[in-house]
**Q** 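Take this structure first; my questions come after.
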Amino acid sequence: MVEGLAVLESSRNTVRTMATRDIYESGFDEDVRTESSANQCPECDGRVTTNVVETVCEDCGLVINEQRIDHGPEWRAYDDEECERTGAPFTAARHDRGLSTEIGRGTDAKGNEISGKKRRRLARMRREQTRGRWRSKAERNLAHGLGEVRRLASALVLSDSVRDQACQLFRSAQNEDLFRGRSIEGIAAASVYGACRCNGLSRLVDDVSEMARVAESRVTNAYKTLNEEFGLPAEPVSPSMFMPPLASDLGCPDEIRQRARTLAELAEERGVTTGVHPAGFAAACLYKAGEEQGKWVTQSTVAETGNVTPTTVRTHHETLEELAV
DNA sequence: ACGATTATTGCGTTCTT
DNA sequence: AAGAAAACAATAATCGT
């Protein structure tokens with residue numbers, strides 16, 4: 001992140017010496033150069049493809065960079081973020097939708113031609129006015145949302161790369177005009193959740209929405225939209241995803257953990273894990289693995305650490321038995 | 001603690017207007 | 001096409017051993 005900030009600094013300095021009308025393009029160019037250095041995904045080394053909207057890794061779905069220039073350049077956003085963090089709470093996020101003023105061109109109010117100095121002056125006014133609007137609306141939303149994404153990411157102890165993916169998702173969402181009828185917080189939470197899903201991390205909507213203090217339905221809705229819009233390569237949540245955190249919470253010996261993992265993978269192959277609570281099934285696998293080694297833990301213990309009930313563990317334990325080792 | 005039985009919840013489908 | 005409802009599966013709760 002330190003490097004990123006350094007780049008932002010330099011791009012800002014460059015920008016200030018240039019003609020104002022080039023600000024956005026140049027800021028964008030800086031972003032492109034710094035973020036997509038090769039045709040390889042920084043996350044999984046997979047192949048990346050670029051379409052009109054963005055550059056995406058084919059394997060893991062990491063959005064490497066967006067190709068649109070109609071979003072606020074990064075230095076603005078982070079600039080704002082620094083301000084917002086210490087300033088007043090965000091209250092003016094959605095007050096002027098559709099109420100902004102347009103400055104026409106060509107003719108005056110009565111339809112007469114306008115020429116010369118006056119027209120140039122109007123053009124300048126129009127440019128400045130639209131610019132001012134951009135700053136106050138979209139970029140403000142972006143800064144707010146990114147702040148929220150970052151807060152959630154650190155609250156959920158996510159790696160930097162996952163967090164950045166979430167940020168990119170959020171930006172993409174804004175570019176695609178997905179905010180209408182949804183809250184910034186909801187989209188931010190959904191972005192974080194989406195990034196987790198795309199990386200096979202064991203976070204549930206519940207975990208994210210709890211941290212975000214947003215109704216779970218909002219997050220679900222926003223995530224659904226994100227998914228439809230971008231076709232996120234999120235694999236279905238599998239029990240084996242929940243194995244590592246669960247096992248470490250229990251202080252599980254390696255031997256049992258490995259056995260539980262093979263059990264989980266076996267069950268997943270057989271397709272008996274669809275529609276079940278993944279953490280619950282993972283807990284059941286750990287229980288069975290422990291049982292084979294001579295009752296390592298009780299049902300209620302694994303159930304508790306997996307946030308499910310002993311009953312759930314039991315039912316899954318049964319299906320595991322039927323799987324015939 | 002574990003197993004069996006009943007209750008509840010969540011969710012995709014289907015039927016209706 | 002949007003909403004309501006009957007239906008199903010999974011999870012939770014409760015009781016008995």
Side-chain angles (χ1 to χ4, degrees), chain A residues 176-183 186-187 189-190 192-194 196-198 200-247 249-253 255-257 259-261 263-325:
Chain A
E176 293 300 310
D177 200 15
L178 262 41
F179 284 7
R180 292 188 187 182
R182 283 178 265 273
S183 64
I187 304 255
V192 172
Y193 175 66
C196 288
R197 281 291 298 271
C198 291
L201 293 175
S202 59
R203 303 299 196 287
L204 298 170
V205 198
D206 209 39
D207 305 325
V208 184
S209 69
E210 193 179 319
M211 295 308 305
R213 295 183 185 177
V214 176
E216 194 178 325
S217 60
R218 304 270 173 203
V219 184
T220 312
N221 175 287
Y223 174 71
K224 203 175 154 192
T225 313
L226 288 182
N227 211 353
E228 284 167 1
E229 198 72 22
F230 303 124
L232 299 181
E235 294 187 7
V237 282
S238 65
S240 43
M241 289 178 186
F242 286 79
M243 203 61 82
L246 203 59
D249 277 0
L250 286 164
C252 177
E255 197 183 359
I256 294 181
R257 181 168 58 210
R259 171 65 181 151
R261 190 177 186 84
L263 278 173
E265 282 165 0
L266 190 72
E268 284 163 23
E269 283 174 20
R270 302 276 182 97
V272 290
T273 61
T274 47
V276 302
H277 196 145
F281 201 92
C285 291
L286 276 168
Y287 172 72
K288 178 158 172 53
E291 190 187 44
E292 287 171 1
Q293 304 287 322
K295 302 276 180 187
W296 174 60
V297 278
T298 67
Q299 290 182 351
S300 50
T301 314
V302 280
E304 200 176 322
T305 42
N307 273 322
V308 289
T309 56
T311 314
T312 309
V313 175
R314 265 195 293 282
T315 52
H316 293 322
H317 181 246
E318 274 177 33
T319 63
L320 278 173
E321 299 270 292
E322 287 168 15
L323 230 54
V325 190

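Below, chains carry the letters A, B, ... as their sequence lines are ordered, and counting in each starts from 1.
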**Q** Kindly say if A:Lys295 contacts the phosphate of B:dC2, meaning a side-chain N or O under 4.0 Å from OP1 or OP2.
**A** yes
**Q** Does A:Lys288 pair with A:Glu292 as a salt bridge, N-O distance under 4.0 Å?
**A** yes
**Q** Please check: side-chain N/O of A:Glu268 versus main-chain N/O of A:Ser240, any donor-acceptor pairing under 3.5 Å?
**A** yes
**Q** Can you measure A:Trp296 atom CH2 to B:dC2 atom P for me and round it to whole angstrom units?
**A** 14 Å
**Q** Side chain of A:Thr315 only, heavy atoms from C-beta on: which candidate in C:dT11, C:dA13, B:dA1 is closest?
**A** C:dT11
**Q** Just wondering, are more than 12 heavy atoms of other shown residues or ligands nearer than 6.0 Å to CD in A:Glu235?
**A** no
**Q** By the 4.0 Å heavy-atom rule, please label A:Thr312 as base, sugar-phosphate, or nothing.
**A** sugar-phosphate
**Q** As a test of reading the structure: which of B:dT5, C:dT11, B:dC2 is closest to the side chain of A:Gln299, going by heavy atoms?
**A** B:dC2
**Q** Take atom CD of A:Glu304 and atom C1' of C:dA12, then tell me their distance rounded to the nearest Å.
**A** 15 Å
**Q** Looking for any heavy atom pair under 4.0 Å, which part of the strands does A:His316 touch: base, sugar-phosphate only, or nothing?
**A** sugar-phosphate
**Q** Side chain of A:Ser300 only, heavy atoms from C-beta on: which candidate in B:dC2, C:dT11, B:dA1 is closest?
**A** B:dA1
**Q** Which nucleotide in the set B:dA1, C:dT11, B:dA4 lies at the smallest distance from any side-chain heavy atom of A:Thr298?
**A** B:dA1
**Q** Whole angstroms only, please: what is the CZ-C1' distance between A:Phe281 and C:dT11?
**A** 15 Å
**Q** Which whole-number value in Å describes the distance from A:Glu321 CD to B:dC2 C1'?
**A** 13 Å
**Q** If I take atom CZ in residue A:Arg314 and atom P in nucleotide B:dT5, what distance separates them, rounded to the nearest angstrom?
**A** 12 Å
**Q** Roughly, in whole Å, what's the span from NE2 in A:His277 to P in B:dT9?
**A** 17 Å
**Q** Checking contacts here: which listed nucleotide (C:dT11, B:dC2, B:dT5) is nearest the side-chain heavy atoms of A:Tyr287?
**A** B:dC2
**Q** Are A:Asp207 and A:Met211 close enough that some pair of their side-chain heavy atoms sits under 4.5 Å apart?
**A** no
**Q** Should A:Glu265 and A:Arg261 count as an ion pair when the cut-off is N to O under 4.0 Å?
**A** yes
**Q** Specify the separation, in whole Å, of atom CD of A:Glu216 and atom P of B:dT9.
**A** 15 Å
**Q** Take atom CG of A:Leu204 and atom P of C:dT11, then tell me their distance rounded to the nearest Å.
**A** 12 Å
